[in-house]
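See structure below.
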Amino acid sequence: MKKILKVGFDLDGVILYNPIRFVRPIAKLLKPLKSFILKQKEEFFYYPESNVEQFLFRLLHKTSFMADPALKDIELLVKSKKIKAYIITGRYSFLKKDYKVWLKKINADSIFEKCYQNKDDLQPNEFKEKMIKKLNLDIYIEDNLDIVQKLNHHTNAKIFWITNILDKYISYQYKFRNLKEALQNLPKSK
Ligand SMILES: [Mg+2]
């Protein structure tokens, strides 16, 4: 029997085109500075605690302002039974409303097998790891290099990385410029 590939997709920066994808390398540079100033323990991912921080975080997520045109390609792959597609987003629980709006906008029900949000506010990489294992995914497509590296260490799935203008010189086996290119490089199902 033909095996249908199980492919997971990150939301922000993968399904949703995010022009500020390159914020990651900048945020990474600033992180030790922030921990130093605030005398905080350095956490792997920042969690916005106060209302003001959550407001800013929400605003930041508004920058995922359109669906990537290659969403059509995912739909075709699903309809022709080449893949089963899942959305797995690290978005925290307080972003639920905006998340639901996006799912509607992109008509997620008709394309994706199922969509999962990080509603228990785990560290995003831990949530993704948990879901990749649970769903036994063959491939997961992610835009954040820190998460890509963590997932590589902790799961058996192939982690595809969608790069950005500041990170694009970093070498990585499954590095792609955009979603379309990543989809074109999916292994052929046997
Ligand atoms: Mg992302």
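None of these values were measured; they are calculated from a predicted model. Counting convention: from 1, in listed order, for ligands and their atoms alike.
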Metal site the Mg ion (ligand 1): N/O/S of E142 inside 2.8 Å =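 It does not; every qualifying atom lies at 2.8 Å or beyond.
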
Counting N and O atoms only, with roles assigned by atom type, does the side chain of N118 sit under 3.5 Å from a partner on the main chain of L122, one being a donor and the other an acceptor?
->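 Confirmed, N118 side chain pairs with L122 backbone.
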
Is K97 atom NZ crowded by more than 12 heavy atoms from other residues, nucleotides or ligands, each under 6.0 Å away?
->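 No, the 6.0 Å shell around NZ holds no more than 12 heavy atoms from other groups.
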
What N/O/S atom of [X] is the closest to the Mg ion (ligand 1)?
X    : answer
D10  : OD2
D12  : O
D143 : OD1

Using the six-membered ring wherever Trp is involved, compare the ring planes of Y174 and Y172 and label them parallel, tilted or perpendicular (cut-offs 30° and 60°).
->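 Because their plane-to-plane angle is over 60°, the rings of Y174 and Y172 count as perpendicular.
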
Ring pair (Phe, Tyr, Trp, His ring centres under 6.0 Å) between F176 and F160, worked out = CA-CA 7 Å; F176 304 103; F160 279 21; 4.9 Å; yes

